[in-house]
Amino acid sequence: MILLIQEIKKKLLYIQLNIDYGKECPRAYFEVYAENPLSYVAEGGQIIKKAGVSHIATGFTDIQGRYIKPASFPTAVSEVYIYSPDFGV
């Protein structure tokens with residue numbers, strides 16, 4: 001069992017998420033993606049959320065609009081994208 005846990009830990013990257021939307025956006029919901037969840041539609045000039053792209057983490061900012069906590073992601077993830085469907089974020 002210890003070996004299995006060590007193998008899982010080797011495959012995870014631990015980073016500190018420091019998100020600060022400011023006091024104007026308290027308790028904002030956000031999603032973290034391993035790829036860009038948005039695409040640009042030339043016709044109409046809209047930016048839309050892609051279908052079929054799944055988030056790898058989610059969270060809420062605190063009353064000050066901040067989220068400062070550690071997170072773990074698969075080591076295959078080289079960059080993350082933070083998206084919030086909340087208006088004004």
Side-chain angles (χ1 to χ4, degrees):
M1 187 61 116
I2 293 173
L3 180 59
L4 178 61
I5 292 171
Q6 289 173 342
E7 286 298 314
I8 291 171
K9 285 184 178 182
K10 287 181 186 177
K11 295 179 182 180
L12 294 176
L13 173 67
Y14 295 90
I15 63 167
Q16 181 80 12
L17 285 179
N18 293 307
I19 300 169
D20 189 347
Y21 291 137
K23 293 179 183 178
E24 299 81 22
C25 300
R27 297 187 180 99
Y29 172 75
F30 65 89
E31 300 168 339
V32 181
Y33 291 84
E35 65 179 278
N36 189 346
L38 305 176
S39 64
Y40 177 74
V41 178
E43 188 175 316
Q46 296 178 342
I47 297 176
I48 60 169
K49 191 171 174 192
K50 295 177 188 173
V53 178
S54 299
H55 57 267
I56 57 174
T58 62
F60 287 90
T61 61
D62 62 16
I63 196 155
Q64 299 295 319
R66 294 183 298 219
Y67 182 92
I68 303 171
K69 293 183 182 178
S72 60
F73 302 108
T75 55
V77 174
S78 60
E79 58 187 5
V80 296
Y81 296 83
I82 298 173
Y83 165 79
S84 178
D86 287 356
F87 182 76
V89 176

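Distance check, rounded to the nearest 0.5 Å: CD of Q64 to SG of C25 gives 12.0 Å. E31 contributes atom CD, which lies 7.0 Å from atom OG1 of T58 (distance to the nearest 0.5 angstrom). Atom OG of S78 is separated from atom CD of E35 by 11.0 Å, given to the nearest 0.5 angstrom.
Counting heavy atoms from C-beta outward, R27 and D62 have side chains that stay 4.5 Å or more apart. For the pair F73 and L12, the minimum side-chain heavy-atom distance is 4.5 Å or more. Side-chain contact between P70 and Y14: absent, with no pair of heavy atoms (C-beta onward) separated by less than 4.5 Å. Proximity of R66 to I19: side-chain heavy atoms (C-beta onward) are nowhere separated by under 4.5 Å. Within the 4.5 Å cutoff, no side-chain heavy atoms of L17 are placed close to those of K69. Contact of the Y21 side chain with the I82 side chain is registered, since non-hydrogen atoms from C-beta on lie closer than 4.5 Å. Side-chain contact between L38 and I48 is absent, with no heavy atoms from C-beta onward closer than 4.5 Å.
Within a 6.0 Å radius of NZ in K49, more than 12 heavy atoms belonging to other residues, nucleotides or ligands are found.
In terms of modelled atom types and a separation under 3.5 Å, the side chain of S72 and the main chain of L13 share no donor-acceptor contact.
Y33 pairs with exactly one of H55, K50, E79 by the side-chain contact (heavy atoms from CB on, under 4.5 Å) rule, that one being H55.
Aromatic rings of Y67 and F30 (six-membered ring for Trp) have centroids within the 6.0 Å cut-off, being under it.
Between Y40 and A42, the shortest heavy-atom distance links the atoms CE2-CA, 3.6 Å. In terms of heavy-atom proximity, P26 sits nearest to T61 at C-OG1, 3.8 Å. Contact record, Y29 with S84: O-OG, 2.5 Å, taken as the closest heavy-atom pair.
Connection of I47 to V53 is established within a shared hydrophobic cluster, with ILVMFWY side chains joined at heavy-atom distances below 4.5 Å, either directly or through further cluster members. Neither V80 nor Y83 shares a network with the other; the hydrophobic side chains, linked directly or stepwise wherever heavy atoms of I, L, V, M, F, W or Y lie under 4.5 Å apart, form separate groups for each.
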